[in-house]
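Only this structure's heavy atoms are used, side chains among them; waters, hydrogens and symmetry mates stay out. In this text, all values refer to a predicted model and were calculated from it rather than measured experimentally.
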Amino acid sequence: MDARDPEAPGGRALRDAAENLFQELQEHFQALTATLNLRMEEMGNRIEDLQKNVSDLMVQAGIENSIKQQMLKT
């Protein structure tokens with residue numbers, strides 16, 4: 001009799017163990033995916049904040065108007 005046969009002694013136990021392991025791996029993968037998505041969203045927010053801060057600093061330094069004027073000349 002083949003040990004992988006569900007009717008073989010230990011076959012059901014092996015199948016159950018494999019299913020439990022697969023379920024556990026799936027849960028870990030879902031948790032990692034959720035964490036990754038959250039971190040990517042946080043990173044996107046930080047990039048947006050950085051862009052706004054750089055833009056504000058350029059306005060304060062008067063650089064933005066200079067760049068716009070140079071673009072209009074070309």
Hydrophobic side-chain clustering at under 4.5 Å (ILVMFWY, transitive links): who's grouped with Ile47? Put none if nobody. Met43
Tell me, which pairs form a side-chain hydrogen bond (donor to acceptor under 3.5 Å, both in side chains) where one or both residues lie in residues 39-49, sequence neighbours left out? none
Scan the side chains in residues 22-37 for donor-acceptor partners under 3.5 Å anywhere in the protein, sequence neighbours excluded, and list what turns up.
from	atom 1	to	atom 2	distance (Å)
Gln23	NE2	Glu27	OE2	3.2
Thr33	OG1	Phe29	O	2.8
Thr35	OG1	Ala31	O	3.0
Asn37	ND2	Thr33	O	3.4

Tracing side-chain links under 4.5 Å among I, L, V, M, F, W and Y, which residues wind up in one group with Leu38? none
Which residues pass the side-chain contact (heavy atoms from CB on, under 4.5 Å) test with Asp16, sequence neighbours left out? Arg12, Glu19
